[in-house]
Trainee: 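First the structure, then my questions, so here it is.
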Amino acid sequence: MSEYANLKDRTALVTGAASGMGAATAELLAAAGARVALLARRRDRLEQLAAATGGLPVVADITDPGAVAAAVRTVHEAVGPVDLVVNAAGVMLPNPLDAGREDEWVRMIDTNLTGALRIIRGFGPDLVAAAAAGRPADLVNVSSIGAHVAFPAYAVYGATKAALTHLSATLRTELGPRDVRVTNIEPGLTDTELGGHIDNPELSGQLAGMFGAIGPLAAADVADLIAYAVSRPRHVNLRQLVVLPTRQA
């Protein structure tokens, strides 16, 4: 990991660390020498990843404000303040809007947007303090090309990701003058377990067809991009990154 050698002294918090992009990012940051707090809901997955990386497992549901507050305390007590936050937790539950799946709407909004806000509120002061001390400080939000590319039946998912992308842009106006970098990453088709949460067989089949026709990114590809962005000199902010499989338009 010589290309990311300057990550060695960083302290990172990664949400969604139990699988997919979150797990891949946590693994890469740890391999580069960063101290990593691993936050997700599934204890068994976190403990496995912690054993492999030396990271701190923090079991918490970001849709629960009390759990997030407790997680902030746990991280601070165990590893101290963080200087790198990766909001990688997310859910994708597509269905036509007229299906009326309010349970899915609430879960996506609470996880993809409000959950990210809770993490930013909890660890944002750490980032500001790190920057004030002259150290790199990074907030990375993992959004989606669904933020600006419309897909039928993905209206609410796309709305949550559009909100996260706009939140990132606005936070740059607040945090950039204080030397905190905010990077928004919008992956295209990526091989994670998100597709396995879809309960609509027609939409599951469509997604499988796209995987076969296009060939997805691996979660490690997105992790590599995150590590690259946060390892730039502290005066360089890669503000908006879109990453797609080569065959995806």
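For this chain, numbers begin at 1 and follow the sequence in order.
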Trainee: Checking the side chain of K161 only, and the main-chain atoms of L113 only, is there a donor and an acceptor separated by less than 3.5 Å?
Mentor: no

Trainee: Return the minimal non-hydrogen interatomic distance between G22 and A88, and the atom names on each side.
Mentor: CA-CB, 3.7 Å

Trainee: Please report the shortest heavy-atom distance between T111 and I62, naming the atom on each side.
Mentor: O-CD1, 3.6 Å

Trainee: Can you tell me if CZ on R247 sees more than 12 non-hydrogen neighbours from other groups inside 6.0 Å?
Mentor: no

Trainee: Could you state the interatomic distance from CG (L38) to CG (L46), rounded to the nearest 0.5 Å?
Mentor: 6.0 Å

Trainee: When hydrophobic residues are tied together by side-chain contacts of less than 4.5 Å, even through go-betweens, does V180 share a cluster with L7?
Mentor: no

Trainee: Are V128 and L84 connected in a single hydrophobic cluster, I mean Ile/Leu/Val/Met/Phe/Trp/Tyr linked by side-chain heavy atoms less than 4.5 Å apart?
Mentor: no

Trainee: Working note: Y228 + L238, criterion side-chain contact (heavy atoms from CB on, under 4.5 Å); need CA distance, chi angles, decisive distance, verdict.
Mentor: CA-CA 9 Å; Y228 179 83; L238 299 180; 3.7 Å; yes

Trainee: Applying a strict under-4.5 Å side-chain criterion to I, L, V, M, F, W and Y, I'd like to know whether L203 and V149 cluster together.
Mentor: yes

Trainee: Determine yes or no for a side-chain-to-main-chain donor-acceptor pair under 3.5 angstrom, with R178 supplying the side chain and L127 the backbone.
Mentor: no

Trainee: Can you give me the closest heavy-atom contact between G146 and F151, atom names plus distance?
Mentor: CA-CE1, 4.3 Å

Trainee: Salt bridge (Lys or Arg N to Asp or Glu O under 4.0 Å) with D83: which residues, sequence neighbours excluded?
Mentor: R10

Trainee: Any side-chain heavy atom of L241 within less than 4.5 Å of one from L225?
Mentor: yes

Trainee: Locate the shortest heavy-atom distance separating L217 from G188; write the atom from each residue and the value.
Mentor: CD1-N, 4.5 Å

Trainee: So do W105 and L97 actually touch side chain to side chain, heavy atoms under 4.5 Å?
Mentor: yes

Trainee: Residues two or more places apart in sequence or in another chain: which of them pass salt bridge (Lys or Arg N to Asp or Glu O under 4.0 Å) with E186?
Mentor: none

Trainee: Checking side-chain contact (heavy atoms from CB on, under 4.5 Å) for the pair D221/V243: CA distance, chi angles, key distance, verdict?
Mentor: CA-CA 9 Å; D221 297 324; V243 55; 5.7 Å; no

Trainee: Return yes if some donor-acceptor pair links the side-chain N/O of R234 with the main-chain N/O of R181 below 3.5 Å, else return no.
Mentor: no

Trainee: Donor-acceptor pair, distance only, cut-off 3.5 Å: does the side chain of E104 make one with the backbone of N95?
Mentor: no

Trainee: Evaluate side-chain contact (heavy atoms from CB on, under 4.5 Å) for N112 paired with L164, printing each intermediate quantity in order.
Mentor: CA-CA 8 Å; N112 299 353; L164 186 60; 6.0 Å; no

Trainee: Taking only residues at least two apart or on different chains, which pairs with a member in residues 152-193 satisfy ring pair (Phe, Tyr, Trp, His ring centres under 6.0 Å)?
Mentor: none

Trainee: Side-chain atoms of residues 50-60: list all donor-acceptor pairs with protein atoms under 3.5 Å, sequence neighbours left out, distances to 0.1 Å.
Mentor:
residue: T53; atom: OG1; partner: L49; partner atom: O; Å: 2.8
residue: T53; atom: OG1; partner: G55; partner atom: N; Å: 3.1

Trainee: Looking at every non-hydrogen atom in both residues, tell me the closest pair between A40 and A17 and how far apart they are.
Mentor: CB-N, 3.9 Å

Trainee: Apply the test side chain to side chain donor-acceptor pair (under 3.5 Å) to residues R239 and S168: give CA-CA distance (whole Å), side-chain angles for both, the deciding distance (0.1 Å), then the verdict.
Mentor: CA-CA 9 Å; R239 62 183 296 275; S168 300; over 6 Å; no

Trainee: Show your working on side-chain contact (heavy atoms from CB on, under 4.5 Å) between I185 and V140 and close with a plain yes or no.
Mentor: CA-CA 7 Å; I185 295 185; V140 179; 4.1 Å; yes

Trainee: Starting at CG of L39, measure out to CG of D61 and round the result to the nearest 0.5 Å.
Mentor: 9.5 Å

Trainee: Ignoring hydrogens and angles, write down the donor-acceptor pairs under 3.5 Å from the side chains of residues 70-79, residues two or more places apart or on other chains.
Mentor:
residue: T74; atom: OG1; partner: A70; partner atom: O; Å: 3.0
residue: H76; atom: NE2; partner: D126; partner atom: OD1; Å: 3.3
residue: H76; atom: NE2; partner: D126; partner atom: OD2; Å: 2.7

Trainee: Are N6 and S231 close enough that some pair of their side-chain heavy atoms sits under 4.5 Å apart?
Mentor: yes

Trainee: Flag yes if Y4 and V14 sit in one hydrophobic cluster, no otherwise; membership is Ile, Leu, Val, Met, Phe, Trp, Tyr, and two members link when side-chain heavy atoms are under 4.5 Å apart.
Mentor: yes

Trainee: Out of curiosity, Q48 CD to R43 CZ, how far, rounded to the nearest 0.5 Å?
Mentor: 13.0 Å

Trainee: Against L13, only a single residue in V86, I119, N87 fulfils side-chain contact (heavy atoms from CB on, under 4.5 Å); can you say which?
Mentor: I119

Trainee: Going by side chain to side chain contact (heavy atoms under 4.5 Å, CB included), name the residues that satisfy it together with D110, two or more places apart in sequence or in a different chain.
Mentor: T63, V106, T114

Trainee: List the atom of A18, the atom of A23, and the distance in Å for their closest heavy-atom pair.
Mentor: C-CB, 4.1 Å

Trainee: With rounding to the nearest 0.5 Å, note down the distance linking CG in L244 to CD1 in I145.
Mentor: 5.5 Å

Trainee: Check R101 with D103, please: is the shortest side-chain N to carboxylate O separation under 4.0 Å?
Mentor: yes

Trainee: Quick one: pull up OG1 in T15 and CZ in F123 and give me the separation to the nearest 0.5 Å.
Mentor: 10.0 Å

Trainee: Return the OG1 to CG distance between T165 and N141, rounded to the nearest 0.5 Å.
Mentor: 8.5 Å

Trainee: Knowing that exactly one of D179, D138, T183, V230 qualifies, which makes a side-chain contact (heavy atoms from CB on, under 4.5 Å) with N237?
Mentor: T183

Trainee: Between I198 and F211, is there a shared hydrophobic cluster once you connect ILVMFWY residues whose side-chain heavy atoms come closer than 4.5 Å?
Mentor: yes

